[in-house]
Protein chains: 2
Amino acid sequence: MQKQKVTIYDVAREAKVSMATVSRVVNGNTNVRQETRDRVLAVIKRLHYQPNAVAQGLASKKTTTIGLIVPDLTNLYFSELSKGIDDIAMIYKYNIILSSIENRLMREGDVIQGLLNKQVDGIIYMSNRLSKEAEEAFLRTKTPVVLAGTLDNDGHLPSVNIDYIKADTEAFELMYASGKKNIAIAVGDSEAVINKQHRLVAYRRFLEAHHLGEGHVYRNIQNYADGYNLYAQLKQEKIDGIFVTKDLPSAGIVNAASEKGTKVPEDLEIITATATDIVKVVRPKLTAVKQPLYDIGAVAMRMLTKLMGDEPLEDKKVVLPYALEKNDSTSTR
Amino acid sequence: MQKQKVTIYDVAREAKVSMATVSRVVNGNTNVRQETRDRVLAVIKRLHYQPNAVAQGLASKKTTTIGLIVPDLTNLYFSELSKGIDDIAMIYKYNIILSSIENRLMREGDVIQGLLNKQVDGIIYMSNRLSKEAEEAFLRTKTPVVLAGTLDNDGHLPSVNIDYIKADTEAFELMYASGKKNIAIAVGDSEAVINKQHRLVAYRRFLEAHHLGEGHVYRNIQNYADGYNLYAQLKQEKIDGIFVTKDLPSAGIVNAASEKGTKVPEDLEIITATATDIVKVVRPKLTAVKQPLYDIGAVAMRMLTKLMGDEPLEDKKVVLPYALEKNDSTSTR
DNA sequence: CTTAATTGTGCAAGCGTTTACAGCTCATTT
DNA sequence: AAATGAGCTGTAAACGCTTGCACAATTAAG
């Protein structure tokens, strides 16, 4: 990169004003005579002047950039969230630095430190699991942080979610209502806060409420193949209803069941916790908890803009409504 | 943001050296005595000094940040590409500024200018369609640009792709070989370079080669519903084979066909141009062109690092191999 | 033991902005 | 007519770092 072509200084010289005045014009400061403003704007246009955001960042200590921490973009759950974040960020003219924490090339703490070094004005974090080092880094820094579709253990950090316990309970009860008695749950990362402290808790409470015994918890069910392969075990353990936290494994189960002659929903009901496009592609269509992913992202970003602008937050923990979308993998009765 | 806690100046004072030396240590410059280096490193550690990347950027004119322009992250095609880019970027310690150009809140030229103002060291652009204003902006700037899974009209910009004409032809021939005579094509944006100058050209050539007449081109087939609704028309026009550029519409067609009693692949064969997870979820499984999306992204990013480091490029246009994955939506014979 | 070459280190001038603060010009008030 | 104050504009000091240049210290060569 060579020396910048046109700087604020060039504009100042051409417009016969000081850099300060040019800066004021660029930043929309009102304390500039209309006539002067017009002259400066004309020069800016003529010279194609564009402010150097890095220099602005250094001088003003604001970069209008936020960090977005995400485990896996190819997961529709996170990409939908990202879209909501991105749209609101664009409205408020923030750029997003994307930081993937999926591959273990870099420690999560270093990723966050890198963002902080770039002087981001704020951070949005999403992951099934808030790592200890991330949590510590967040509590240490003064840079605002919001969790989107993610929960921390002690609830210190601002976050946006749905009521997972309520949603899951509703799902379990739906299957129970159609007569299923051997209802299981399949989760991805069983140590993730959402699973450990919400989904699995809901499951246990459900079992107790109806005296259904120990139940069946399947862990580490992450992708299509995991679901497909899980089917054999479900059959063996005579599972007649299952709640699956991820969309792809749900599709795997359904497809395996269809191939092996198990009727869905008559012999096996399935509800998935994340309604994505997958849900309508697979046959039978999956009954699913429809999370307002886009909105979760959008609200999280809006919260972050408030925090970055030192505005007060009404609620630190925002809970958005969900819907249980009844399709063909549960009985319609 | 308050004034930075620990600056290079603090470290210099504590270590009894000049800022210049601290800077050299931080940047791994070899011209520092081991003893001095150790002393400085010790102080850095003790004070938890972290360099301010914005100041570094201003002084060095390098931000170790690249811009990534993408139309829609929830599209698996782009998120797979992004993953490849991200991984390589991380290896080379570049951060990624994500810029979505899907919503029309901002003109594409402004998005690019914003990236340039942030002094990104390079840009990777992906989109079905390289807009005129983007192309002009790219040719004007000295900042290196690489296209990933995208083509420009005149081939001036470095890019990474597969041979679409070859892949599509292979797909058409596969259907022709199983006896289909009324083969159609369904594209998303028919004005996109890839479609207009590659896929549709391949289609026309195929028709001519086998004297199949005018053929049928369906345009603007973008999502699941578009595909689902297209089925009626296919039936009416007695289409017996179709090549679809996107994955979700393909699934829509298959599902509609199954519901309406059309047998796939006996009565209707379908090949999709982009093999994503969707392909294996839908039944029958879709025959698909498997593009090496991750690799396209990775290679594009690697090319960009070379351009940013002023290294020479062996090839300006990289063409990666693809595979035609034969599944159940084409006859196995 | 001088002289030349090779490190190692500091000085200070940037990089392109923002932003107190001060000062100047006029209109308004007394 | 002097004083007050509002509205504009300029001066210059940051912001935190890199880097060319000069010079000191060390080592190698003659």
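Sequence lines set the chain letters: A, B, ... in the order given, protein chains first and strands last, and positions in each chain run from 1.
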Shortest non-hydrogen contact between I194(A) and T150(A), atoms and distance:
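For I194(A) versus T150(A), the nearest heavy atoms are CD1-CA, 4.3 Å.
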For R33(B) and A53(B), find the nucleotide of DNA chain D closest to each by heavy atoms; which residue's nucleotide sits nearer the 5' end?
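Nearest nucleotide further toward 5': that of A53(B).
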Quick one: do Q113(B) and N117(B) satisfy side chain to side chain donor-acceptor pair (under 3.5 Å)? Show the steps, please.
CA-CA 6 Å; Q113(B) 187 60 58; N117(B) 291 353; 2.9 Å; yes
Member of S159(A), S99(A), S131(A) meeting the side-chain contact (heavy atoms from CB on, under 4.5 Å) criterion with Y125(A):
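Of all the options given, the one that passes is S131(A).
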Could you give the [atom1]-to-[atom2] distance, from [X] to [N], as a whole number of Å?
X      : N       : atom1 : atom2 : answer
N27(A) : dT17(C) : CG    : C1'   : 9 Å
N52(B) : dG16(D) : CG    : P     : 7 Å
R13(B) : dG16(D) : CZ    : C1'   : 14 Å
Q34(B) : dG8(C)  : CD    : C1'   : 13 Å
K62(B) : dT18(D) : NZ    : C1'   : 12 Å
N29(A) : dA20(C) : CG    : P     : 11 Å
D38(A) : dC8(D)  : CG    : P     : 13 Å
I8(A)  : dC15(C) : CD1   : P     : 14 Å

Applying a 4.0 Å non-hydrogen cut-off, can you work out what V17(B) is touching in the nucleic acid: base, sugar-phosphate, or nothing?
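The answer is sugar-phosphate, as V17(B) gets under 4.0 Å only of primed atoms, P, OP1 or OP2.
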Just call it for S23(A): base, sugar-phosphate, or nothing, with non-hydrogen atoms closer than 4.0 Å on any strand.
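Base, at least one base heavy atom under 4.0 Å.
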Candidate nucleotides [options], ranked by approach to the side chain of [X] - the nearest:
X      : options                   : answer
K61(A) : dT18(D), dG16(D), dG16(C) : dG16(D)
R24(B) : dC11(C), dT9(D), dG16(D)  : dC11(C)
T36(B) : dA12(C), dT19(C), dT9(C)  : dT9(C)
L58(B) : dG16(D), dT9(C), dT18(C)  : dG16(D)
S60(B) : dT18(D), dG16(D), dT17(C) : dT18(D)
A59(A) : dC11(C), dG16(C), dT18(D) : dG16(C)
S18(A) : dG10(D), dT9(C), dC17(D)  : dG10(D)

Check this for me, if you would: do D38(A) and R33(A) make a salt bridge, where the nitrogen-to-carboxylate-oxygen distance has to be below 4.0 angstrom?
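Salt bridge absent between D38(A) and R33(A).
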Say you draw a straight line from [atom1] of [X] to [atom2] of [Y]; how long is it, rounded to the nearest 0.5 Å?
X       : Y       : atom1 : atom2 : value
I69(B)  : L98(B)  : CD1   : CG    : 10.0 Å
R129(B) : D189(B) : CZ    : CG    : 4.0 Å
I296(B) : L320(B) : CD1   : CG    : 6.0 Å

What residues in residues 40-48 of chain A put a non-hydrogen atom under 4.0 Å from any atom of DNA chain C?
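Residues of residues 40-48 of chain A that come under 4.0 Å of DNA chain C do not exist, since none gets that close.
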Which is more 5' along DNA chain C, the nucleotide nearest R37(B) or the one nearest A55(B)? Just name the residue.
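That would be R37(B).
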Report the C-alpha separation of K83(B) and E80(B) in whole Å, then their side-chain angles, then the decisive distance to 0.1 Å, and conclude whether the salt bridge (charged side-chain N to carboxylate O under 4.0 Å, His left out) test is met.
CA-CA 5 Å; K83(B) 197 186 260 194; E80(B) 284 282 356; 5.4 Å; no
Heavy-atom count check: over 12 atoms from other residues, nucleotides or ligands less than 6.0 Å from K16(B) NZ?
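Incorrect, the count does not exceed 12.
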Strictly by modelled atom types, are T65(A) and K118(A) linked by a side-chain donor-acceptor pair under 3.5 Å?
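Checked: T65(A)/K118(A) side chains show no N/O donor-acceptor pair below 3.5 Å.
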Reckon Y49(B) has a side-chain N or O less than 4.0 Å from the OP1 or OP2 of dC17(D)?
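Y49(B) to dC17(D) OP1/OP2: side-chain N or O found under 4.0 Å.
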Please tell me if N31(B) has a side-chain N or O lying less than 4.0 Å from either OP1 or OP2 of dT9(C).
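For dT9(C), OP1/OP2 do not have a side-chain N/O of N31(B) under 4.0 Å.
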What's the angle between the local helix axes at either end of the helix from dC1(C)-dG30(D) to dT30(C)-dA1(D), using five pairs per end and rounding to 10 degrees?
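End-to-end axis angle: 40°.
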Before giving the answer on side chain to side chain donor-acceptor pair (under 3.5 Å), spell out for N161(A) and Q291(A) the whole-Å C-alpha distance, their side-chain angles and the decisive distance to 0.1 Å.
CA-CA 9 Å; N161(A) 289 278; Q291(A) 299 189 45; over 6 Å; no
